[in-house]
Number of protein chains: 2
Amino acid sequence: MSRKPTRDDVARLAGTSTAVVSYVVNGGPRRVREETRQRVLRAIGELGYRPNALAKSLSHGRTDLYALLVPDLANPYLAALAQALEHEFFARGKVLLVGDSHDDPDRETLILEAFLRQQIAGLVWYGVNQPLPLDLLEESHVPAVLLNQPTGPPQNGSRAVGLSGRPGIWSVSADERLEGRLATEHLVDHGRRTIAIVAGPNGRRNARERVRGWEKALRRADLPSSAPIHVPFTREGGRASVDHVLELGADAVVASNEMQAIGLLNGLHLRGVRVPEDVAVIGINGTPLAEYASPSLSMVEMPAPAVADRIARALNGEGDAGGAAIAPYVVARASCGCGDVSERIEDGAP
Amino acid sequence: MSRKPTRDDVARLAGTSTAVVSYVVNGGPRRVREETRQRVLRAIGELGYRPNALAKSLSHGRTDLYALLVPDLANPYLAALAQALEHEFFARGKVLLVGDSHDDPDRETLILEAFLRQQIAGLVWYGVNQPLPLDLLEESHVPAVLLNQPTGPPQNGSRAVGLSGRPGIWSVSADERLEGRLATEHLVDHGRRTIAIVAGPNGRRNARERVRGWEKALRRADLPSSAPIHVPFTREGGRASVDHVLELGADAVVASNEMQAIGLLNGLHLRGVRVPEDVAVIGINGTPLAEYASPSLSMVEMPAPAVADRIARALNGEGDAGGAAIAPYVVARASCGCGDVSERIEDGAP
DNA sequence: GTGAAAGCGCTAACAT
DNA sequence: ATGTTAGCGCTTTCAC
């Protein structure tokens, strides 16, 4: 009574063959007479039989394992994404493996290799570098969705597009430029004239895109643009940018992600600068956390659940992965001067 | 050249038997002549051979899969824990599976079953209910660490203890009572006289423990205690508790977790109450996020990396899982009135 | 030091 | 409708 019951035990107890047990457990590929079915089911219940997914996968040639590889699981945006992906995958009977590269390309490779050894059925990869070293991935035949990888011409919102290299590698990425533009335009609408931007590390492509959107909005509004303030995508970075922001005499700032925005808010608070009275703040890629900053943070958002849905569809080859874009939108709260209004402002076309 | 190379291919190319390839790949259990070893290694390199962990596990009877089951992956504390666990497990050649129960016991069971089907080698379970339904777990022989499950008499700090039921089930839990006491004592030291507590949902055992610690500290200081304010362990809950706090005329508040503390801070901000001048705030189970609240949040902490280390040791049967306790400590920041000092205050004995 | 072969638990093509 | 059986890729005992 110690060894875990196997399919053989079930078959023996039910007085059938092992194949029939398989058919019952999997609901196919053959039909089974109802009476037999019941007998098998009863045997399964009696033994407390639990199918071994390992054996199944080995035999069937396909696992139930999906993997997520990110640079920082503690980043609220990525944690929200992990949560949303787990939700989507679980709904499809898959289970989620996570890896945290700590922003280290070498570690990233090691993790990826571990995932491939596990014969993952799909990968979601928020990579450290741009572009990513795809060799490992390409020689495997694992379907993958790349995040944070700008591909081709800028797109409206987010979509899943096939990526050159090999079929089965997709890219789901936000239109960072649009996000930057939306954020900036909102500040312009508030009548701000000197709008600074806290950007990501110099040279990172996705950092650059957000800056481009900011520039575009300023140009359209006929406002001057200053030099982007390049700091890491961290709370520390945001806080450290405060001196620059004040030197520029800015009356508004766009922060390139939520962690930076929170750090910035804290930095301004420490300097005794009032938000939004003295300086208005808006960030990009908000999470539910933003609402609870003090003052609450206005953000451009593209909710993790929608992104996760898109990713899951792409990996499962469900319908039009490249279909309608997910549009980012402004969630106006207090930090931009919208008072306590927490309305959702939809975007028009570019 | 399309099929993935298997151990057979390697053996053929190296001109050896499959067993030898195994010995080389696993560094055992038999020795292999150096020359042969090199030949095998070369064949592996040439073919780009990657061992199939599935087959290995099926044969070997043990997977490299550890699983983490939590009620809310987006909770910064749990996200930090997930990150720290991934780190520990990866260092041991394991890979991390995550499940999010969304605070739903039924979902929790389904996820657990999925994990068991995957033949996980270990489980870390931050359960929804207290006590947890351990039947599923007990009939499996999976080593497990239960978090958030008060066991036996209160302990100093956190430790891994064997849990009745069956061997291989451990509990690593904070001494919630001590945490509550430390937080409260710190406020007392600041000269606060009316110290309220934002507790967790009424009836939850871990919520109760923190309240007990608070009561004890007040009693010792000869201060009156009010009724605990029971709200969910969420930011919404913290924010919603503000009216109660103000009604009580409190000049200080202990929040039972970080999300509540952040919500409370925001609620006070919205009411125009100054922190810490009018009301001092301290929370329990802080993460790096707390430092960036405005004002920065004083917290009782028990860092995720230390907890994760303890958990990993327990699961790996490494040394004294039940050894020295992890002591929670106060990280004093601005919200309690410690100014911008960010010193770490160690705790004495109970 | 190395090879042959019997499993690990399950799937599915092929029989009946 | 159900039984038989050959794998899936690897580990490991047992021979040599």
Side-chain angles (χ1 to χ4, degrees), chain A residues 2-41 43-44 47-65 93 116-121 140-141, chain B residues 2-41 43-44 47-65 93 116-121 140-141:
Chain A
S2 71
R3 203 178 95 282
K4 262 182 289 188
T6 74
R7 186 206 48 178
D8 283 41
D9 301 318
V10 175
R12 201 171 308 123
L13 180 60
T16 72
S17 79
T18 58
V20 172
V21 179
S22 253
Y23 302 154
V24 170
V25 169
N26 303 331
R30 293 253 172 305
R31 290 191 54 87
V32 174
R33 199 188 342 146
E34 185 54 24
E35 186 206 306
T36 320
R37 227 179 76 83
Q38 291 305 333
R39 241 184 317 133
V40 170
L41 256 20
I44 287 177
L47 293 174
Y49 168 71
R50 195 182 304 290
N52 182 327
L54 244 51
K56 168 170 178 156
S57 295
L58 179 59
S59 169
H60 181 255
R62 188 173 191 75
T63 65
D64 306 321
L65 267 32
L116 292 177
R117 273 195 301 271
Q118 300 295 330
Q119 314 297 113
I120 53 170
S140 83
H141 286 188
Chain B
S2 71
R3 203 178 96 281
K4 260 183 291 187
T6 74
R7 185 207 48 178
D8 283 40
D9 301 318
V10 175
R12 201 171 308 124
L13 181 59
T16 73
S17 78
T18 58
V20 172
V21 178
S22 255
Y23 303 153
V24 170
V25 169
N26 303 330
R30 292 255 173 303
R31 289 191 55 89
V32 174
R33 199 188 342 145
E34 185 55 24
E35 185 205 309
T36 320
R37 225 178 78 82
Q38 291 304 334
R39 244 186 314 135
V40 171
L41 255 22
I44 287 178
L47 294 174
Y49 168 70
R50 195 183 305 290
N52 181 327
L54 245 50
K56 168 170 178 156
S57 295
L58 179 59
S59 169
H60 181 255
R62 188 173 191 77
T63 65
D64 305 321
L65 266 32
L116 293 177
R117 273 196 300 273
Q118 300 296 329
Q119 313 297 112
I120 54 171
S140 82
H141 286 189

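Lettering follows sequence order; numbering is per chain, from 1. Everything numeric in this text was worked out from a predicted model, so none of it was measured. All values below come from the heavy atoms of this structure, side chains included, with hydrogens, waters and symmetry mates left out.
- With sequence neighbours left out, the side-chain contact (heavy atoms from CB on, under 4.5 Å) criterion links Arg33(A) to Glu35(A), Thr36(A).
- Counting all heavy atoms, side chain and backbone alike, Thr63(A) lies closest to Gln118(A) at CG2-O, 3.8 Å.
- If you measure from atom CG of Leu58(A) to atom C1' of dC8(D), you get 4 Å, rounded to the nearest angstrom.
- Distance, Arg37(B) CZ to dT2(C) C1': 16 Å, rounded to whole Å.
- Evaluation of the side chain to side chain donor-acceptor pair (under 3.5 Å) rule for Arg39(B) yields no partner, not counting sequence neighbours.
- For Arg31(A), whose side chain is taken as the heavy atoms from C-beta onward, the closest listed nucleotide among dG1(C), dT2(D), dA1(D) is dA1(D).
- Of the residues in residues 47-54 of chain A, not one comes within less than 4.0 Å of DNA chain D through any heavy atom.
- Between the CZ atom of Arg62(B) and the P atom of dG7(C) there is a distance of 23 Å, given to the nearest Å.
- The separation between Ile44(B) atom CD1 and dG9(D) atom P is 16 Å, rounded to whole Å.
- Note: CD (Gln118(A)) to C1' (dG9(D)) measures 14 Å, nearest angstrom.
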*Trace of the side chain to side chain contact (heavy atoms under 4.5 Å, CB included) decision for Val40(B) with Val20(B)*: CA-CA 8 Å; Val40(B) 171; Val20(B) 172; 4.2 Å; yes

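- The side chain of Thr36(B) approaches dT2(C) more closely than any other nucleotide in the set dA1(D), dG1(C), dT2(C).
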For residues 50-62 of chain B, which side-chain N or O atoms pair as donor and acceptor with protein atoms under 3.5 Å away, sequence neighbours left out?
from	atom 1	to	atom 2	distance (Å)
Asn52(B)	OD1	Leu54(B)	N	2.7
Asn52(B)	OD1	Ala55(B)	N	3.2
Ser57(B)	OG	Ala53(B)	O	2.9
Ser57(B)	OG	Arg62(B)	O	3.3

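- Whole-Å rounding puts the Asp64(A) CG to dG9(C) P distance at 18 Å.
- At the heavy-atom level, Thr16(B) lies under 4.0 Å from the strands shown only through sugar-phosphate atoms.
- Across the protein-nucleic acid pair, Gln38(A) atom CD and dA1(D) atom C1' stand 16 Å apart, rounded to whole Å.
- Every residue two or more places apart in sequence or in another chain that forms a side-chain contact (heavy atoms from CB on, under 4.5 Å) with Leu13(B) is listed here: Ala43(B), Glu46(B), Leu47(B).
- Applying the side chain to side chain donor-acceptor pair (under 3.5 Å) test to Arg117(B) and every residue at least two apart in sequence or in another chain returns nothing.
- With sequence neighbours excluded, the residues satisfying side-chain contact (heavy atoms from CB on, under 4.5 Å) with Thr6(B) are Arg3(B), Asp8(B), Asp9(B).
- Atom CZ in Arg117(B) sits about 15 Å away from atom C1' in dG9(C), given to the nearest Å.
- Nearest to the side chain of Thr6(A), among dG9(D), dG9(C), dT2(D), sits dG9(C).
- Listed by first and then second residue, the salt bridge (charged side-chain N to carboxylate O under 4.0 Å, His left out) pairs involving residues 13-28 of chain B amount to none (not counting sequence neighbours).
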Atom pairs under 3.5 Å: protein N/O with N/O of nucleotides 12-16 of chain D:
from	atom 1	to	atom 2	distance (Å)
dT13(D)	O4	Tyr23(B)	OH	3.2

